[in-house]
Amino acid sequence: CRLIRACGRGNEAFIYAWSAKEAAAKLYGQPLLGDQLAYQLIELDLEGQRCRIACRKNLIEANFFRSGGYVYTLAHEAGVA
């Protein structure tokens, strides 16, 4: 993916985490920019391609994968944080 190439191979975790936070914000119909601190990364499992994010009082799970040069991320509510 272009973003991974631009940031470097060692920064893939950052890219997946950012993608998950973007998906979490979109879950609530909000932009991430300007509200990044509201989305706290709790767990990042690169091997399992999933992460957990706390947003205010909600727990969000996101799954991500890379295919054809793109990162795809899906997020859903998973309970109360």
Side-chain angles (χ1 to χ4, degrees):
C1 139
R2 289 183 306 202
L3 188 56
I4 290 173
R5 283 193 301 272
C7 291
R9 278 266 174 224
N11 293 320
E12 287 186 37
F14 170 79
I15 293 163
Y16 294 135
W18 188 271
S19 176
K21 288 176 77 167
E22 285 278 1
K26 288 179 182 175
L27 179 66
Y28 297 114
Q30 301 173 351
L32 178 61
L33 289 178
D35 203 16
Q36 297 97 314
L37 296 179
Y39 298 88
Q40 301 287 320
L41 185 67
I42 297 172
E43 176 187 350
L44 179 63
D45 178 2
L46 294 177
E47 190 173 304
Q49 297 182 314
R50 68 177 200 87
C51 70
R52 292 175 157 229
I53 297 167
C55 177
R56 296 170 184 90
K57 295 182 180 181
N58 298 315
L59 180 62
I60 301 162
E61 288 188 357
N63 297 88
F64 51 85
F65 65 97
R66 218 175 111 189
S67 176
Y70 294 93
V71 175
Y72 298 91
T73 309
L74 301 172
H76 63 90
E77 283 188 337
V80 178

Working for side chain to side chain contact (heavy atoms under 4.5 Å, CB included), residues Cys51 and Tyr16: CA-CA 9 Å; Cys51 70; Tyr16 294 135; over 6 Å; no

Donor-acceptor contacts, no H, no angles, side chain residues 42-50, under 3.5 Å, sequence neighbours left out:
residue, atom, partner, partner atom, Å
Glu43, OE2, Arg50, NH2, 3.0
Asp45, OD1, Glu47, N, 3.3
Asp45, OD1, Gly48, N, 2.9

For the atom pair OG (Ser19) and OH (Tyr70), what is the distance rounded to the nearest 0.5 Å?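 With rounding to 0.5 Å, OG (Ser19) is 14.0 Å from OH (Tyr70).
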
Hey, could you give me the CD1/CD distance between Ile60 and Glu77, rounded to the nearest 0.5 Å?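 Those atoms lie 6.5 Å apart.
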
Any residue meeting ring-ring contact (aromatic ring centres under 6.0 Å, His included) with Tyr28, in chain and number order, not counting sequence neighbours: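 ring-ring contact (aromatic ring centres under 6.0 Å, His included) check on Tyr28 returns nothing, list empty.
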
Under 3.5 Å, side-chain donor or acceptor atoms of residues 20-27 against the rest of the protein: list the pairs with distances, not counting sequence neighbours.
residue, atom, partner, partner atom, Å
Lys21, NZ, Gln36, O, 3.2
Lys21, NZ, Tyr39, O, 3.0
Glu22, OE2, Trp18, NE1, 3.2

